[in-house]
Each structure stands twice: as structure tokens, then as C-alpha cells.
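For the single chain, residues carry numbers from 1 onward in sequence order.
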Amino acid sequence: MTRANTFRRISLIHLDHPSTRLNLPDSTNQDRVTRYALVTGASSGLGKVFARALAARGRNLVLVARSEDKLTELAKQLQAEHGVLTAVLVADLAVPHAGHDVVLKLNEQQLRIDLLVNNAGFGIQGEFRKLDLERQLEMINLHNVSMVELTYLLLPRMIEERRGGIINISSMAGFQAIPYATLYSATKSFLTTFSLALECEVGRHGIRIVTVCPGRLKAAPAGEVSEDKQRKKFPGGEQAHEDVVAQTLKMLDAGGGLLVPGLINKAANFAERFFPRRLVTKAIGKMSRP
């Protein structure tokens, strides 16, 4: 797909309405600039829960995902319930240059972002050599390339203003190699190390970064119906989306850092340090074989 075609697939729908234009919860006394939080993958799952939680805090929102209908419905609900400003940006972040083109759209509309939630993602399972190559390359684009583009292009203004935050949703899978989810664990490993290193670089500029590494999440957030009818039980239980989001925002308020939600996940991550990586990989491979 050419870059021109990619750009045409990105559209931004501004849903501000007159009754909310005077509600500027993120403005400073100095310049009264209206600021937004941008949430990728906002049409479902963690992204949708992040959008609801941020709107409840009075944050204006740019909601990004591929599904225009779902995003528009959510945006209207959040406007009605919380009086925030919302904009819907329909984009497929799994295609080349998507992150760059999203920022072009934001700049065209003069939407200033001071909180970036890099949440969009997906996973596929199976032998690397048998899985579709294009789909695996899309995973790299989504988890890594678009995330880096959005961060790189939105970060300078945050640093200039010495305010802002970034939430990167990684995974427990990023702490070790996972056979039969080979590329998924690799992309999450990149995301985790990138996020932690960046936190060290930009913290002195007043930018807060939270690196979130959840384990297995429940099939759907509260109030949503799961479409996964063959979901297997997971040892140690599953985490609620709302709990992960609440812990993430609490850590953001505290200044950022690495978040591994759940005592079982914390214990597993700590215990793995005492075993050879090769043995851990073999053990996980036996459990994750399709």
C-alpha cells in the first residue's frame, strides 16, 4: 500500500459542540490552550476503558481506531456524560507511516496532545514460519513503528511546555521469549525496553511515562460481551480491564514508572530472574504449543 493510499484511509471527525466549548479542564491560566489525550485502539478493550476513565477526569479526547461507528458512539456518550471535547480519528495504525499521518491530521485541526496512550495491539498464535507474513509485519507496524512515530512527533511539544505524559501498553510477554507467539513477545519486548529507556531520558523535562505490562486480561471489559466463545481458562486468573486502567492512572499521577499489575504477575516476573532464560523459554513453549 502506498503512502498516499494510507493517508486517505485516515479521517478525523471533530465532535465538539457549543455547549462544551467553554469547558477547558486541561487549560493553563497562562495560555488557556485546550489540550487532549489521544488514545489508540479506543473502540474496545483497554482503550475504551482508558477513554471512559480519562473522560471522567475531565480530559478532552482524541479517539483513534479503525471502527468509525464504534468510536463515534463512544465519543458522543462521553460528551454527554462528562461534557468533554471529543474528536474521532479513523486510522489503521498497522499500515506504514500511519503514525506520521495521524499527527499530520492532528496538526491540521490544531489538536494539542499532552497525554498519549499507546494502546492499540493484537496477537496471533502459531508457528512463526506458518503464520501469514503480511499479518506479522502489520503487528510490527502497530506495536512498534506507529508507536515510535506518534511518540517521536508528539514528544517535542510536551518537552517544550514541560508538561505531558505517555502511557505505553506492553505485556508480561515482553519479559521473556514465548514460542508460538514469537513475534508478539518480540514486539512487546521492544516496546517495554523502549518505554523504560525513554522514561529515563525525558523525566527531567517533566514528562511522565508509564510502561504497563499486564498479564492475561478478562475477555471483555465490564458491560461488554466477549466474542471469544472458545476462550480457555488461564492459570492464576485474569485481570479486569478497569483495575489495570485504575492502577495505570494512579502511577501516572505519581510520576510514572513500570507497572506490572497483579501479585501473581509480579511474583512470576521476579521468579523468572533466577532461572536460565533458555529453560524458561522451553517451559513456556510446552505450555503455549497450539
Rounded to the nearest 0.5 Å, what's the gap from [atom1] on [X] to [atom2] on [Y]? Could you check?
X: Glu201; Y: Ile159; atom1: CD; atom2: CD1; result: 8.5 Å
X: Tyr36; Y: Arg112; atom1: OH; atom2: CZ; result: 12.0 Å
X: Lys130; Y: Tyr180; atom1: NZ; atom2: OH; result: 9.0 Å
X: His100; Y: Lys105; atom1: NE2; atom2: NZ; result: 13.5 Å
X: Gln136; Y: Arg129; atom1: CD; atom2: CZ; result: 12.0 Å
X: Leu46; Y: Thr248; atom1: CG; atom2: OG1; result: 7.5 Å

Please examine the side chains of [Y] and [X], heavy atoms only from C-beta on, and report whether any two atoms are closer than 4.5 Å.
X: Val62; Y: Leu106; result: yes
X: Asp243; Y: Pro261; result: no
X: Leu252; Y: Ile209; result: no
X: Leu54; Y: Leu249; result: yes

Given Leu258, Leu259, Leu191, the one that forms side chain to side chain contact (heavy atoms under 4.5 Å, CB included) with Cys213: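 Between Cys213 and the candidates, side chain to side chain contact (heavy atoms under 4.5 Å, CB included) is satisfied uniquely by Leu258.
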
Name the residue from Val260, Ile169, Asn119 that meets the side chain to side chain contact (heavy atoms under 4.5 Å, CB included) definition with Val212.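 It is Ile169, the one option of Val260, Ile169, Asn119 that forms the side chain to side chain contact (heavy atoms under 4.5 Å, CB included) with Val212.
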
May I ask you to say whether [X] pairs ionically with [Y], meaning some side-chain N is under 4.0 Å from a carboxylate O?
X: Asp114; Y: Arg59; result: yes
X: Glu138; Y: Arg135; result: yes
X: Arg52; Y: Glu242; result: no
X: Lys218; Y: Glu238; result: no

What is the minimum heavy-atom distance between [X] and [Y], and which atoms define it?
X: Val84; Y: Leu78; result: CG2-O, 3.8 Å
X: Gly47; Y: Val39; result: O-CG1, 3.6 Å
X: Val102; Y: Ala91; result: CG2-CB, 3.9 Å
X: Leu116; Y: Ile113; result: N-CG2, 4.4 Å
X: Gly123; Y: Tyr184; result: CA-CD1, 3.8 Å
X: Leu142; Y: Gly121; result: CD2-CA, 3.5 Å

[X] (side chain) donor-acceptor with [Y] (main chain) under 3.5 angstrom:
X: Ser146; Y: Leu93; value: yes
X: Glu199; Y: Val210; value: no
X: Gln239; Y: Val244; value: no
X: Asn144; Y: Thr187; value: yes
X: Asn141; Y: Val95; value: no
X: Ser189; Y: Ser185; value: no
X: Ser171; Y: Lys188; value: no
X: Arg66; Y: Ser43; value: no

As a test of understanding, state which of Asn118, Thr211, Thr193, Thr192 forms a side chain to side chain donor-acceptor pair (under 3.5 Å) with Ser170.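 The residue from Asn118, Thr211, Thr193, Thr192 that satisfies side chain to side chain donor-acceptor pair (under 3.5 Å) with Ser170 turns out to be Thr192.
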
Check the hydrophobic clustering (I, L, V, M, F, W, Y; side-chain heavy atoms under 4.5 Å; chains of links allowed) and say if Val64 and Tyr152 are grouped together.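 Result: yes, single cluster for both.
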
Do Leu131 and Phe128 land in one hydrophobic cluster if side-chain heavy atoms of ILVMFWY residues count as linked below 4.5 Å?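 Different clusters.
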
Between His241 and Phe50, is a ring pair (Phe, Tyr, Trp, His ring centres under 6.0 Å) present by the stated rule, with each step listed? CA-CA 9 Å; His241 294 69; Phe50 267 112; over 10 Å; no

Would Arg35 and Glu161 count as a salt bridge (Lys or Arg N to Asp or Glu O under 4.0 Å) if you check the C-alpha gap in whole Å, the side-chain angles of each, and the deciding distance to 0.1 Å? CA-CA 12 Å; Arg35 295 179 171 85; Glu161 298 180 348; 3.3 Å; yes

